[in-house]
Amino acid sequence: MFLTPLSSLSAGSQLNTQLEGWLSQAQSTISPARAIIAPHAGYSYCGACAAHAYKQIDPSVTRRVFILGPSHHVPLSRCALSSAEVYKTPLYDLRIDQNVYADLWKTGMFERMSLQTDEDEHSIEMHLPYTAKAMESHKDELSIVPVLVGALSESKEQDYGKLLSRYLADPSNLFIISSDFCHWGQRFRYTYYDEAQGEIHRSIEHLDKMMHTCVSHKGGVSVACYFSYLQGNVSL
């Protein structure tokens, strides 16, 4: 069993109200989504923004949710799987799909997270309550597949992409890609600024739109070129 720091019962009602409020303000525009990119910052910073992604989930179609989050606390050159069987949230427990985990483990491409690493890592944790809320109406049919992603070489990115593509091809599977909300500023040692775009926030918006175009239309090769163009200073 795995108990996240978010699992305080006293916080459950407040959290549920917050999630409902943010989701009620978002619109469903491309539902059912097959994959979403959503931030893993504190909800006070990104809760409203994340709602626009989670609003695109159709719980009547989705049965399994893959959550891919970057490793913040341990160095990884591969991807890692949880050692837990269940993640607890203030809303309800999320069951890890052990059948899929067994298939992934057999490939020899994955490591195992320690329980401490699992508890420390927020990139997956912050998506658990939102996943639970979005899938609430079909919670008894839901399983999740959390994957901790390391600093992958381009060849490994392709290998994992090929492996996971067969799961993405199944319309009952949803992929959540966990991303930073905004790491711009001296605090994060990232101050890229294209003055041709105008104000700083316009430059940041331009970067976001460039990445969106790469991801949605041109694929991994274009994304790699994007990172190279910015000298690897994009914060994900």
Side-chain angles (χ1 to χ4, degrees), residues 1-8 35-43 45-46 50 64-89 93-132 143-164 167-168 175-190 211 215 220 223-224 227-228 230-236:
M1 300 291 283
F2 175 57
L3 182 66
T4 77
L6 285 172
S7 298
S8 169
I36 64 174
I37 301 175
H40 55 242
Y43 285 175
Y45 296 101
C46 72
R64 184 184 297 113
V65 177
F66 287 72
I67 306 174
L68 277 60
S71 175
H72 288 83
H73 300 283
V74 294
L76 281 177
S77 61
R78 303 196 298 170
C79 291
L81 306 177
S82 175
S83 299
E85 296 182 359
V86 174
Y87 281 174
K88 287 182 174 289
T89 81
D93 294 353
L94 296 172
R95 176 178 57 86
I96 295 178
D97 195 314
Q98 296 302 318
N99 291 329
V100 172
Y101 254 26
D103 289 341
L104 294 178
W105 184 253
K106 288 176 184 177
T107 66
M109 297 170 62
F110 293 85
E111 301 177 22
R112 284 284 184 184
M113 285 184 262
S114 68
L115 184 59
Q116 188 63 56
T117 296
D118 218 343
E119 291 178 338
D120 290 342
E121 184 53 65
H122 65 281
S123 70
I124 293 174
E125 177 189 23
M126 298 307 294
H127 291 282
L128 302 180
Y130 245 127
T131 297
S143 65
I144 64 170
V145 183
V147 177
L148 188 64
V149 181
L152 306 180
S153 65
E154 189 172 341
S155 62
K156 286 184 179 179
E157 287 177 355
Q158 295 176 2
D159 290 340
Y160 284 107
K162 290 177 182 178
L163 174 64
L164 296 176
Y167 295 101
L168 184 59
F175 276 72
I176 297 174
I177 311 302
S178 178
S179 170
D180 281 318
F181 184 49
C182 180
H183 273 189
W184 195 97
Q186 293 183 357
R187 172 186 173 191
F188 303 106
R189 300 189 301 278
Y190 178 67
M211 175 57 88
V215 171
V223 171
F227 282 121
S228 177
L230 295 176
Q231 298 181 331
N233 284 326
V234 179
S235 179
L236 290 178

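Not measured: the values here are computed from a predicted model.
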- Message: Nearest 0.5 angstrom please: I176 CD1 to I67 CD1, how far?
- Response: 5.0 Å

- Note on the structure: By side-chain hydrogen bond (donor to acceptor under 3.5 Å, both in side chains), S123 pairs with (sequence neighbours left out) E121

- Message: I want to check something: taking the side chain as every heavy atom from C-beta on, are S178 and V149 in contact at a cut-off of under 4.5 Å?
- Response: no

- Item | Any donor-acceptor pair under 3.5 Å from S83 side chain to M113 backbone | yes

- Item | Non-hydrogen atoms of A84 and I96 that approach each other most closely | O-CD1, 3.5 Å

- Residue list, side-chain contact (heavy atoms from CB on, under 4.5 Å) with Q186, at least two apart or on another chain: T191

- Query: So, the side chain of Y43 versus the backbone of M126: is there a donor-acceptor pair under 3.5 Å, distance only?
  - Reply: yes

- Looking at L148 and S71, what are the two nearest heavy atoms and their distance? CD1-CA, 3.6 Å

- Query: side-chain contact (heavy atoms from CB on, under 4.5 Å) between Y167 and V145: does it pass, once the steps are laid out?
  - Reply: CA-CA 11 Å; Y167 295 101; V145 183; over 6 Å; no

- On the 0 to 90° scale, with breaks at 30° and 60°, tag the H122-H40 ring pair as parallel, tilted or perpendicular. perpendicular

- Query: Within the side chain of R95, is there an N or O that forms a donor-acceptor pair under 3.5 Å with the backbone of E85?
  - Reply: no

- Kindly indicate whether the side chain of Y130, heavy atoms from C-beta on, has any atom under 4.5 Å from the side chain of I36. no

- Message: Under the rule for side-chain contact (heavy atoms from CB on, under 4.5 Å), what residues qualify as partners of R78, not counting sequence neighbours?
- Response: E111, K156, Y160

- To the nearest 0.5 angstrom, please state how far the CG atom of D120 sits from the NE2 atom of H73. 5.5 Å

- Nearest heavy-atom contact between L104 and F110 is O-CD1, 3.3 Å

- Query: Y101: what forms a ring-ring contact (aromatic ring centres under 6.0 Å, His included) with it, not counting sequence neighbours?
  - Reply: none

- Partner set under side-chain contact (heavy atoms from CB on, under 4.5 Å) for D159, not counting sequence neighbours: M109

- Message: With heavy-atom distances below 4.5 Å as the criterion, would you say the side chains of V65 and L94 are in contact?
- Response: no

- Task: Would you give the length of the straight line joining atom CG of D93 to atom CG of L128, rounded to the nearest 0.5 angstrom?
- Result: 11.0 Å

- Where is the tightest heavy-atom contact between S82 and D118, given as atom of each residue plus distance? OG-OD2, 2.5 Å

- Measure the shortest side-chain to side-chain distance between Y87 and T131 over non-hydrogen atoms and say whether it is less than 4.5 angstrom. no

- Message: Restricting to non-hydrogen atoms, name the atom on L81 and the atom on P146 that form the minimum distance, rounded to 0.1 Å.
- Response: CD2-O, 4.2 Å

- Message: I'd like to check L164 versus L68 (side-chain heavy atoms, cut-off strictly below 4.5 Å). Are they in contact?
- Response: yes

- Query: Which residues satisfy the side-chain contact (heavy atoms from CB on, under 4.5 Å) test with S155, sequence neighbours excluded?
  - Reply: S153

